[in-house]
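Structure first, then comments.
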Amino acid sequence: MSTGQTGILISIIAYLAVMVYVGFYFSKKGSSDSTDDFYLGGRKLGPFVTAMSAEASDMSSWLLMGLPGVAYLTGISDAGWTAIGLAAGTYLNWLIVAKRLRNYSIACHAITIPDFFSKRYRDKKNILMCIAAIVILIFFIPYTASGFKAIGTLFSSLFSVEYHVAMVIGAIVVVGYTVMGGFMAVSTTDLIQSIVMSISLVVIVFFGIHVAGGWDAVVTNATSLAGYLSMTQIHNMADNTASPYSFLTICSTLAWGLGYFGMPHILLRFMAIEDENKLSLSRRIASVWVVISMFVAILIGIIGYGASVAGSLPMFASSSESETVIIRLAGLLAQNGFLVSIVAGIVLAGILACTMSTADSQLLTAASGVSQNLLQDFLKIKMSTQASMRAARLTVVGIALIAMVLAWNPDSSVFTIVSFAWAGFGASFGPVVLFALFWRRSNLQGALAGMISGGIMVFVWKYLIKPMGGVWGIYELFPAFIVASVMIIIVSLSTKAPSEEICAEFDSIGK
């Protein structure tokens, strides 16, 4: 093993050890002794941890790999409009959903998102809760698998470690601190991971500019490509041509922002904050961090192209290659001595942080869906507090095992499921969340219709309509979100109005 690899390995091992310690600390502190503590941290999350935990759990390896890779190959339009949509979705989610969801979930004593749906509409048979828990399982298990696959791919490419060994070790670490510490461990590690991600972005920007020959060289190389720096054109690296980035495509790309309203692992952070009056501070922190981190990620893609032109990196021709731009730059950084290789290891730990911060939150959310909502609330299995905690922890382990099986093939296309899962949650949960919080007339039947139709339309559009191309080739979240919203309105208005009790509770919730 070279000196550079040794430094990288030391940094990553130290990082993983800190993650495990955090889980151990909160397990000893008693922050996971009850289901309320395990799933929501006893609603004691501070504003900074709330903000950074929510955004770190959102930004998977897509931030440090996918976004720079897209910018490298096609310029700023596709990556830029996606980032704008996500930034707008982040801000609006904090602005209009966070405070009201926190207060509403307290009023109806809900500790999970399916639990909130059921209690909001007084679903005595818990059918809505059951469907919501199933939706979480359908979309979160492969989502988690993609995270495990990223961990395995990173280690195997860096150290020539066998992929399966690397993937299993990474999964054990994530499961370890999630099982031990529950929500507070996951939220605290997410905070640490967001800091590591930020350090990674800053280090790579400055080092990348250096190996690309300076900022002027980066700009010159980018402007020499047709449509590369245009928001209304998309560059084709194969023949150095540009094609129009249509208004419909822009709307479709901006629709990524709609997904935030239905992300269970992000919505849980809103429910867990200690002081509702500090949500405005959390909103500012989260929004600024998201905007800066995505801007820098896109910039890294442009800088990476400059480094390729300068001969520091090979010229990438496919998305699978361009997504490794940060890994390649970190490898170059590690060649500058042992101490610098430690810094390179921190950069690569940032990629690990992106993946782990998403995987742990998804595991915890999926576990709550099974152990709390399906077993206890829907199937009416009576459990003591200790038995409930054992069920929650066993569920985390069980889901992780299934995810590892899905990620077992190193050449699998599980990463493509990430955008599909985002659409699934956005269309299934997003409209239901918004109408539950802001429309007094919405009822149980409307919520059921919206959740089911939104989820089904994601599959229909993705596999039956989108392949037709042309105007039909838009992101499936956009039409599915509209269909679900329309169904909620139509079905709610055509069925019995909600009871006085439900309306009184709705009216009692502050803005």
Side-chain angles (χ1 to χ4, degrees), residues 16 19 57-66 69 114 131-157 161-179 186 259 262-265 319-320 323-324 351-371 373-374 391-429 455-456 458-459 462-463 476-477:
L16 293 175
M19 297 300 99
S57 66
D58 162 39
M59 295 295 174
S60 63
S61 53
W62 170 86
L63 176 66
L64 294 188
M65 294 174 71
I131 293 173
I134 292 172
V135 168
I136 286 175
L137 281 179
I138 289 173
F139 292 112
F140 262 163
I141 289 179
Y143 211 147
T144 304
S146 70
F148 290 164
K149 184 178 184 296
I151 294 171
T153 300
L154 177 63
F155 277 109
S156 61
S157 62
V161 179
E162 205 277 323
Y163 166 81
H164 299 102
V165 174
M167 186 264 291
V168 170
I169 291 174
I172 288 173
V173 172
V174 175
V175 171
Y177 68 72
T178 303
V179 165
V186 166
M263 291 298 129
H265 54 300
S319 59
S320 61
E323 287 179 355
T324 65
I351 298 176
L352 211 56
C354 281
T355 302
M356 293 172 67
S357 61
T358 303
D360 57 22
S361 298
Q362 292 163 347
L363 279 170
L364 195 64
T365 306
S368 68
V370 173
S371 62
N373 303 136
L374 283 180
R393 292 186 168 106
L394 286 173
T395 303
V396 170
V397 174
I399 290 170
L401 289 173
I402 298 172
M404 281 190 279
V405 170
L406 292 179
W408 197 253
N409 180 7
D411 299 320
S412 64
S413 60
V414 71
F415 270 120
T416 61
I417 303 175
V418 173
S419 64
F420 182 65
W422 185 268
F425 282 123
S428 299
F429 286 171
I456 291 175
V458 167
F459 282 92
K462 172 75 172 180
Y463 295 108
E476 55 270 17
L477 172 55

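Closest approach of M263 and G426 over heavy atoms only: CE-N, 3.9 Å. In terms of heavy atoms, A427 sits closest to V458 at CB-CG2, 3.6 Å. Across S428 and G455, no two heavy atoms sit closer than the pair OG-CA, 3.3 Å. What you find for A407 and Y163 is that their closest heavy atoms are O-OH, 2.6 Å.
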Give the C-alpha distance, both sets of side-chain angles, the deciding distance and a yes or no for side chain to side chain contact (heavy atoms under 4.5 Å, CB included) between F139 and W422. CA-CA 8 Å; F139 292 112; W422 185 268; over 6 Å; no
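A distance of 12.5 Å separates CZ of F148 from CH2 of W408, quoted to the nearest 0.5 Å. Taking CE of M167 as the start and CD1 of I172 as the end, the distance is 10.0 Å to the nearest 0.5 Å.
Using a 4.5 Å heavy-atom threshold, the side chains of I136 and F429 count as touching.
Here V405 pairs with nothing under the side-chain contact (heavy atoms from CB on, under 4.5 Å) rule; sequence neighbours left out.
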